Amino acid sequence: MVHDGDQAGRTGTSSTVAVTPARIDPDAAWAAFVRRDRAYDGRFVVTVSSTRIYCRPSCAARRPRREHVGFLADGPAARAAGYRACRRCLPDDATREATAVTRALTLLDHAERPLSLAALAASVGYAPHHFQRLFTRATGLSPAAYARDQRAARAAAALRAEGNVTAAIYAAGYAAPSRFYADAAALGMAPAAWASGGAGERVAWCEVSTPLGALLVAQTGRGLCHVALDERIDALVALLPAATLVEADAGERARALRWLEAAAVPLDAALTQTQRRALFLAAVRAAGRATD
């Protein structure tokens, strides 16, 4: 489908000026449309007066002239204004996709047992491979990577609460100790050391600026052990009261920066700020596991 303004002569709308809602910055929206930025899908739809079509910002079709382009909040608003959905980019599916990803995140956050990709995709109404691509594009992580991070977080919380490795295995809902120990490898120290508040561990910390705020990164010689946004050193002291906490040296800070550089900040506009922050932290932890 062509959205080019060359059709204006046939429709008689070449001088039409689209009305732009106040909450949408037309210059920023146009720039996102020009670069086909998927991060803006779901934030608004693009209307083309020459063809009476509305699209996603990321639509792959040829770009029309600027004077034929307007921006509306969503598909219902565009249809009410007399536009029809583009058959190429299917803009109304953006809302469905965003809902599916949000629902999947909630399911993974609260899953007591590992969910297969097939089960997760079926729960949100998609085929497995298609949903794998959709979820990864929106979040920067695969469903499996995010699920592993959530299990590791539950393992850490159980160790802190129980103070005993055996009790933590069952409190966290693990069916077998082997799976618990595999996930606990992301703690940067032995599970027993974590349960005892970091006894015998040297933990180096630093703060790094990120697009989502100040990031506190703590590490041992074994790897990343804690990462948090907008958290002060006092919180780390409370988390690991028995550890020896030191400010990171140049090498340790460089290591933290490598983890940060390997983790992308999720940009999908449909994600909430809370989801973006959680996914970013999960990506940093995944980078820590992958590079050490």
Side-chain angles (χ1 to χ4, degrees), residues 1-105 124-127 129-141 211-212 264-277 279-280:
M1 180 179 296
V2 177
H3 302 325
D4 193 273
D6 289 343
Q7 295 186 19
R10 293 192 295 274
T11 63
T13 58
S14 62
S15 60
T16 299
V17 178
V19 176
T20 301
R23 68 179 178 275
I24 300 174
D25 180 339
D27 293 333
W30 171 252
F33 182 48
V34 167
R35 65 178 180 267
R36 296 179 169 85
D37 195 334
R38 287 184 180 275
Y40 284 80
D41 287 355
R43 184 177 297 184
F44 58 84
V45 296
V46 181
T47 60
V48 184
S49 61
S50 57
T51 59
R52 308 306 294 174
I53 293 292
Y54 67 94
C55 307
R56 301 186 191 212
S58 67
C59 184
R62 184 173 60 180
R63 278 2 190 189
R65 293 200 296 267
R66 177 65 183 88
E67 62 266 26
H68 299 149
V69 172
F71 308 101
L72 291 171
D74 51 28
R79 290 193 297 276
Y83 293 90
R84 65 186 187 279
C86 172
R87 294 182 180 177
R88 181 168 186 172
C89 69
L90 303 175
D92 294 334
D93 282 359
T95 299
R96 177 177 175 240
E97 292 170 1
T99 300
V101 170
T102 299
R103 173 63 177 153
L105 287 169
V124 296
Y126 280 87
H129 295 301
H130 179 60
F131 186 68
Q132 169 100 352
R133 291 192 299 271
L134 188 160
F135 185 97
T136 303
R137 186 179 69 206
T139 68
L141 292 171
L212 295 179
V265 177
L267 295 177
D268 194 298
L271 297 172
T272 67
Q273 184 73 350
T274 298
Q275 289 172 332
R276 292 179 64 196
R277 288 165 67 92
L279 286 161
F280 175 56

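Values in this document were obtained by computation on a predicted structure and should not be read as measured data. When a residue number appears, it is its place in the shown sequence, counting from 1.
- Surrounding NE2 of H129 are at most 12 heavy atoms belonging to other residues, nucleotides or ligands under 6.0 Å away.
- Between the R36 side chain and the C59 main chain, a donor and an acceptor come within less than 3.5 Å of each other.
- For the atom pair OH of Y40 and CZ of R35, the computed distance is 5.5 Å after rounding to the nearest 0.5 Å.
- Relative to the ring axis of F71, R43 does not place its NZ or CZ within 45° and under 6.0 Å from the centre.
- At least one side-chain heavy atom of C86 sits less than 4.5 Å from a side-chain heavy atom of P91.
- If you check the side chains of Y54 and D74, you find no donor sitting under 3.5 Å from an acceptor.
- Here CG of L212 is found 10.0 Å from CG of L279. Values are rounded to the nearest 0.5 Å.
- Using a cut-off of 4.0 Å between Lys/Arg side-chain N and Asp/Glu carboxylate O, R38 and E97 are scored as not salt-bridged.
- Closest of all the heavy-atom pairs between I24 and A73 is CD1-N, 4.1 Å.
- Here the closest non-hydrogen pair linking V124 and F131 is CG2-CE1, 3.7 Å.
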Derivation of the side-chain contact (heavy atoms from CB on, under 4.5 Å) call for D92 and R79
CA-CA 11 Å; D92 294 334; R79 290 193 297 276; 3.1 Å; yes

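- Counting only distance, with no hydrogens or angles, the side chain of R63 and the backbone of A61 share a donor-acceptor pair below 3.5 Å.
- Panel note: side chain R276, backbone L271; no donor-acceptor pair is recorded below 3.5 Å.
- Other residues, nucleotides and ligands contribute more than 12 heavy atoms inside 6.0 Å of the CZ atom of R137.
- Of the inter-residue distances, the one linking T139 atom OG1 with F280 atom CZ reads 14.0 Å to the nearest 0.5 angstrom.
- Using a 4.5 Å heavy-atom threshold, the side chains of R96 and Y126 count as touching.
- The two residues P57 and V46 make their nearest non-hydrogen contact at CA-CG2, 4.0 Å.
- The shortest non-hydrogen separation linking P64 to V69 is CG-CG2, 3.4 Å.
- Here S50 contributes atom OG and R65 contributes atom CZ; the two are 8.0 Å apart, rounded to the nearest 0.5 Å.
- In plain terms, the two heavy atoms of A77 and L72 that are nearest each other are O-CD1, 3.9 Å.
- How far OG1 of T47 is from NE2 of H68: 11.5 Å, rounded to the nearest 0.5 Å.
- Taking every heavy atom of both residues into account, T51 and R84 meet most closely at O-NH1, 3.4 Å.
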